[in-house]
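As a basis for the values below, the full set of heavy atoms in this structure was taken, side chains included, without hydrogen atoms, waters or symmetry mates.
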Amino acid sequence: MSEEHRETGTGWPRPGETARPSGPAGEPDPRPDAPDPDELSPLAPVEPVPDEAAEPAEREAVPESEPEPGAAAGAGAPSAARRFSSAGAMIAVLLALLGFTLVVQFKTTSTDPTLAATREEDLVRISSDLDSRERRLRQEIELLEESQRQLRSGEQGRQAALEEATRRADELGILAGTLPAVGPGLEVRFSGPAKAVSSTRILDAVQELRGAGAEAMQIQGTDGTAARIIASTYFVDGPDGALVVDGRRLTGPFTIMVIGDPATMRTALNIPGGVVASVRDGGGNVTSEDREVVEVSQLHAPIKLDHARPVS
């Protein structure tokens, strides 16, 4: 390209100059100093000379097309921090609620109004009752484990199995009331008006004695009529302050003969708010006396099973 063309920047001759001829249409000018046709085309864009003074303004006017990755990450950091702070606040609230719930539950379970109002000697009796029950259960476990070892050993096992079966039959006979029993226990006497020694109070006493480890019981009235107490025994209030036990009418005062650990059963009856307290609140009285030998001789007729069958 000639010096003149470079000066104008358009590729066209200056005013007063003659345009140089070009070749046929569609063919380049064969002259060696011919200008480039693309530069002579009127459609070719002309790049303006950059102006240093206008450059900062133009740069500010040009909108940003896309943010750089670093800028996007920087913009998202506050949002992520806010999310993390919200999650941390929620976790803190949940932990606070959990701690409050545990504290309330601990205070509720550890504060028993009944035990708080109980006298020290009553608490000692309750503790002794629980210790005695634990010892009795441990002894039963040891006996059962010993029986299991004997049953697994040869000829001695067969003899042990026969003895174990006999022992279990005797125990079941005592529990069912078909066999008499003898052993240490208590003689518990209930006296007072019908309201104080009603069937409900007698049933409560029987349940307390069973819970304290009573193994055999019978109840009798002043006229000598007695009834064996077993799992199916029922109590109903009769006329004139009488008590009906399994269909037998007993007149008060009533005496329960029970075989078991005397100290444990006496503690169970004297628990604050228990049987002795309720009978006394009704105007009656309960007395208990330890016996080295208690005889439970009244028998219960065998129960005929109409529906239950042993599993073969």
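When every heavy atom of Arg228 is checked against every heavy atom of Pro180, the shortest pair comes out as NH1-CA, 4.3 Å. When all heavy atoms of Met265 and Ala212 are compared, the pair lying nearest together is CA-CB, 3.8 Å. Minimum heavy-atom separation, Ala214 to Val258: CB-CG2, 3.4 Å. In terms of heavy atoms, His300 sits closest to Thr178 at O-CG2, 3.8 Å. Nearest heavy atom pair, residue Asp246 against residue Ser232, reads OD1-O, 4.0 Å. A pairwise comparison of heavy atoms in Ala181 and Ile174 identifies CB-CG2, 4.0 Å as the closest pair.
By the 4.5 Å heavy-atom criterion applied to side chains, Pro253 and Val197 are not counted as neighbours. Between Ile202 and Leu243 the shortest side-chain heavy-atom distance falls below 4.5 Å. Here the side chains of Gln298 and Met257 are not in contact, with every heavy-atom distance at 4.5 Å or above. Side-chain contact between Val206 and Phe235: present, with at least one pair of heavy atoms (C-beta onward) separated by less than 4.5 Å. By the 4.5 Å heavy-atom criterion applied to side chains, Thr225 and Arg249 are not counted as neighbours. No side-chain heavy atom of Arg168 sits less than 4.5 Å from a side-chain heavy atom of Glu163. The shortest side-chain heavy-atom distance between Leu175 and Ile230 does not fall under the 4.5 Å cut-off. No side-chain heavy atom of Val296 sits less than 4.5 Å from a side-chain heavy atom of Val182.
Side chain of Arg133 to main chain of Gly211: a donor-acceptor pair is present (N/O by atom type, distance under 3.5 Å, no hydrogens or angles).
Atom CG of residue Asp240 and atom OG1 of residue Thr251 lie 10.5 Å apart, to the nearest 0.5 angstrom. Atom CZ of Arg189 sits about 10.5 Å away from atom CZ of Phe254, to the nearest 0.5 Å. We find the OG1-NZ distance between Thr200 and Lys195 to be 12.0 Å, quoted to the nearest 0.5 Å. A distance of 7.0 Å separates CZ of Arg210 from CD1 of Ile229, quoted to the nearest 0.5 Å. We find the CZ-CD distance between Arg136 and Glu215 to be 7.5 Å, quoted to the nearest 0.5 Å. Rounding to the nearest 0.5 Å gives a distance of 3.5 Å between OG of Ser199 and CG of Asp237.
Counting Ile, Leu, Val, Met, Phe, Trp and Tyr side chains that sit under 4.5 Å apart, directly or through other members, Leu95 shares a hydrophobic cluster with Ile91.
In the displayed structure, Glu295 atom CD is contacted under 6.0 Å by at most 12 heavy atoms of other residues, nucleotides or ligands. The 12-atom threshold is exceeded at CD of Glu140, counting heavy atoms of other residues, nucleotides or ligands nearer than 6.0 Å.
Checking Ile219, Thr255, Asp223, Val244 one by one against Leu250, the side chain to side chain contact (heavy atoms under 4.5 Å, CB included) holds for a single residue, Ile219.
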Report the C-alpha separation of Asp290 and Arg266 in whole Å, then their side-chain angles, then the decisive distance to 0.1 Å, and conclude whether the salt bridge (charged side-chain N to carboxylate O under 4.0 Å, His left out) test is met.
-> CA-CA 9 Å; Asp290 293 6; Arg266 185 173 58 255; 2.6 Å; yes
Give the C-alpha distance, both sets of side-chain angles, the deciding distance and a yes or no for salt bridge (charged side-chain N to carboxylate O under 4.0 Å, His left out) between Glu171 and Arg167.
-> CA-CA 6 Å; Glu171 290 181 355; Arg167 185 180 68 83; 2.4 Å; yes
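Under the 4.0 Å criterion applied to side-chain N and carboxylate O atoms, Arg138 and Glu142 are not assigned as salt-bridge partners.
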All N/O donor-acceptor pairs, side-chain side in residues 271-288, below 3.5 Å, sequence neighbours left out:
unit_1: Ser278; atom_1: OG; unit_2: Gly274; atom_2: O; d: 3.1
unit_1: Ser278; atom_1: OG; unit_2: Val275; atom_2: O; d: 2.8

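Residues Arg201 and Ser198 have side chains that never bring a donor and an acceptor to within less than 3.5 angstrom of each other.
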